[in-house]
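Remarks on the structure that follows.
Order of the sequence lines sets the chain letters (A, B, ...), proteins ahead of strands, with each chain counted from 1.
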Number of protein chains: 2
Amino acid sequence: MREDTRTKIQDVALELFIEQGYEATSLREIAERLGVTKAALYYHFKTKDDIVLSLAERRLSENEALLTWLKEQPKTPETRAELIRRYGELLLRGDQKDFMRFMERNQTSMRHHPTVLRMREVMFALVDELAEPGDPLTTRIRRSMALFTMHAGVWLSQNDTEHTEDERREAAMEVALDLLER
Amino acid sequence: MREDTRTKIQDVALELFIEQGYEATSLREIAERLGVTKAALYYHFKTKDDIVLSLAERRLSENEALLTWLKEQPKTPETRAELIRRYGELLLRGDQKDFMRFMERNQTSMRHHPTVLRMREVMFALVDELAEPGDPLTTRIRRSMALFTMHAGVWLSQNDTEHTEDERREAAMEVALDLLER
DNA sequence: GTCTATAAGTAGATAGAC
DNA sequence: GTCTATCTACTTATAGAC
């Protein structure tokens with residue numbers, strides 16, 4: 001089962017990268033938590049970067065698909081609302097949520113790598129598509145913050161024990177949708 | 001002029017930490033950009049952490065002062081609007097703004113250090129003071145996002161060449177104030 | 001597929017001259 | 001205050017046995 005170990009490496013690595021940061025996490029730590037040696041990791045991944053990139057590429061293609069879809073739609077309130085919903089669904093999925101937390105906390109890691117650069121580009125393009133040339137600056141900011149609210153919903157209320165994660169996500173969505181057409 | 005070199009070290013270090021990340025930046029790089037040797041840095045700072053902490057302590061006390069002030073005020077719309085204004089002013093000041101960008105990009109660095117932990121606490125407390133126990137979750141999120149919009153204003157429109165930084169800040173403030181009492 | 005062993009390099013930090 | 005020189009402790013990565 002070669003895919004099994006490979007996947008475990010990705011999971012453990014992502015977990016540690018989120019917790020401690022990418023640079024601060026050594027391959028030795030990843031290997032130890034997994035109960036293998038460093039050398040074993042090198043059988044599955046060519047370099048340390050490759051572990052992250054293997055995760056980034058999955059996520060990138062999904063965001064690119066979202067951007068392609070968005071560009072095909074008319075720039076209406078309905079389209080924008082649907083984007084927020086689709087984006088929220090992407091964030092929901094366990095693996096993507098974790099990877100986005102990694103991106104938030106490790107913005108500078110591999111910032112010169114094509115895959116990471118492209119990821120940034122796509123995010124900016126998504127935000128850009130939410131507004132039209134004539135829109136005032138406040139509208140642009142509001143719509144950008146709508147997308148961002150979907151992220152923030154997760155970690156903003158991390159001390160909040162009286163609401164479930166579902167409730168928090170729905171509340172974030174409500175705020176985001178409201179921000180879009182204010 | 002001992003203060004001069006010390007300050008230059010802080011400036012250069014912060015610049016590189018923002019650009020490349022804390023862990024990814026070596027003392028050698030900082031020293032080289034300054035035209036001195038690593039050993040010289042150790043005359044001014046006991047450890048690498050100390051360079052960041054010397055910056056953090058200043059910001060921390062300013063944020064703590066803001067929190068103290070906030071707690072003394074009645075929880076009215078006027079108080080909340082005034083907080084956003086004061087927070088915006090803090091962020092404006094070059095040094096604060098840079099340090100907050102450092103915090104955004106290096107959330108995991110020194111996450112166990114008391115000063116950094118306290119910084120997080122104060123930020124969460126500020127957000128917490130913006131809402132009251134009875135407020136719905138959407139209100140809490142909206143008000144948190146108001147504070148956050150002040151940050152985002154800076155980097156969200158980094159490709160935006162048609163507006164000045166002043167215009168962007170004012171627009172961010174308008175969106176933030178509107179979010180507070182929606 | 002995973003191991004041992006090791007190469008080759010860099011990190012943070014210190015001692016002591018000037 | 002800043003330097004040279006150096007220490008120790010890692011790091012990523014590879015070679016080759018099993």
Side-chain angles (χ1 to χ4, degrees), chain A residues 1-57 102 105-116, chain B residues 1-57 102 105-116:
Chain A
M1 273 214 253
R2 96 156 59 99
E3 274 305 290
D4 203 18
T5 304
R6 200 184 137 90
T7 307
K8 274 186 203 153
I9 293 172
Q10 290 177 322
D11 290 348
V12 168
L14 189 53
E15 191 182 318
L16 286 170
F17 290 159
I18 289 172
E19 201 180 305
Q20 311 181 327
Y22 174 76
E23 308 279 353
T25 302
S26 68
L27 295 176
R28 182 185 50 75
E29 286 176 285
I30 297 170
E32 267 171 20
R33 186 173 289 199
L34 251 153
V36 296
T37 63
K38 272 190 305 173
L41 306 186
Y42 279 99
Y43 174 81
H44 296 280
F45 296 96
K46 238 177 61 207
T47 64
K48 185 182 176 186
D49 292 5
D50 263 19
I51 302 178
V52 171
L53 292 177
S54 67
L55 295 158
E57 272 151 26
F102 166 80
R105 299 197 175 196
N106 295 275
Q107 292 181 46
T108 54
S109 319
M110 298 166 297
R111 65 196 194 291
H112 297 305
H113 194 285
T115 304
V116 173
Chain B
M1 272 217 254
R2 93 157 61 101
E3 275 305 292
D4 202 19
T5 304
R6 202 184 137 88
T7 307
K8 273 186 204 154
I9 293 171
Q10 290 177 321
D11 289 349
V12 168
L14 188 54
E15 192 182 319
L16 285 171
F17 290 159
I18 289 173
E19 201 181 305
Q20 311 182 327
Y22 173 76
E23 308 278 354
T25 302
S26 68
L27 294 177
R28 182 184 50 75
E29 286 177 286
I30 298 170
E32 266 171 21
R33 186 172 290 197
L34 251 152
V36 295
T37 63
K38 269 194 304 176
L41 305 186
Y42 279 97
Y43 174 81
H44 295 280
F45 297 95
K46 237 176 62 208
T47 63
K48 186 184 177 184
D49 292 4
D50 262 19
I51 302 177
V52 172
L53 293 177
S54 68
L55 295 158
E57 272 150 25
F102 167 80
R105 298 199 176 197
N106 295 274
Q107 291 180 45
T108 54
S109 320
M110 298 167 295
R111 67 196 192 291
H112 298 305
H113 194 286
T115 304
V116 173

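Once rounded to the nearest 0.5 Å, the distance linking CD of B:Gln107 with CZ of A:Arg105 reads 5.5 Å.
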Name each donor-acceptor pair under 3.5 Å that joins a side chain in residues 28-37 of chain B to protein atoms two or more places apart or in another chain, with its distance.
| unit_1 | atom_1 | unit_2 | atom_2 | d |
| --- | --- | --- | --- | --- |
| B:Glu29 | OE1 | B:Ser26 | N | 2.9 |
| B:Glu29 | OE2 | B:Gln20 | NE2 | 3.3 |
| B:Arg33 | NH1 | B:Glu15 | OE2 | 2.7 |

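The side chain to side chain contact (heavy atoms under 4.5 Å, CB included) search around A:Asp11 returns A:Thr7, not counting sequence neighbours. Residues passing the side-chain hydrogen bond (donor to acceptor under 3.5 Å, both in side chains) test with B:Ser54, sequence neighbours excluded: B:Gln10. Residues passing the side-chain hydrogen bond (donor to acceptor under 3.5 Å, both in side chains) test with A:Asp49 are A:Tyr22, sequence neighbours excluded.
Between the CD1 atom of B:Ile30 and the C1' atom of C:dA13 there is a distance of 14 Å, rounded to whole Å. When the C1' atom of C:dG12 is taken as reference, atom CZ of B:Phe45 falls 16 Å away, rounded to whole Å. The CZ-P distance, from A:Arg6 to C:dT2, rounds to 13 Å in whole Å.
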Under a 4.0 Å heavy-atom criterion, the protein footprint on nucleotides 4-18 of chain D, written with B, S and -, is B------SBBBB---
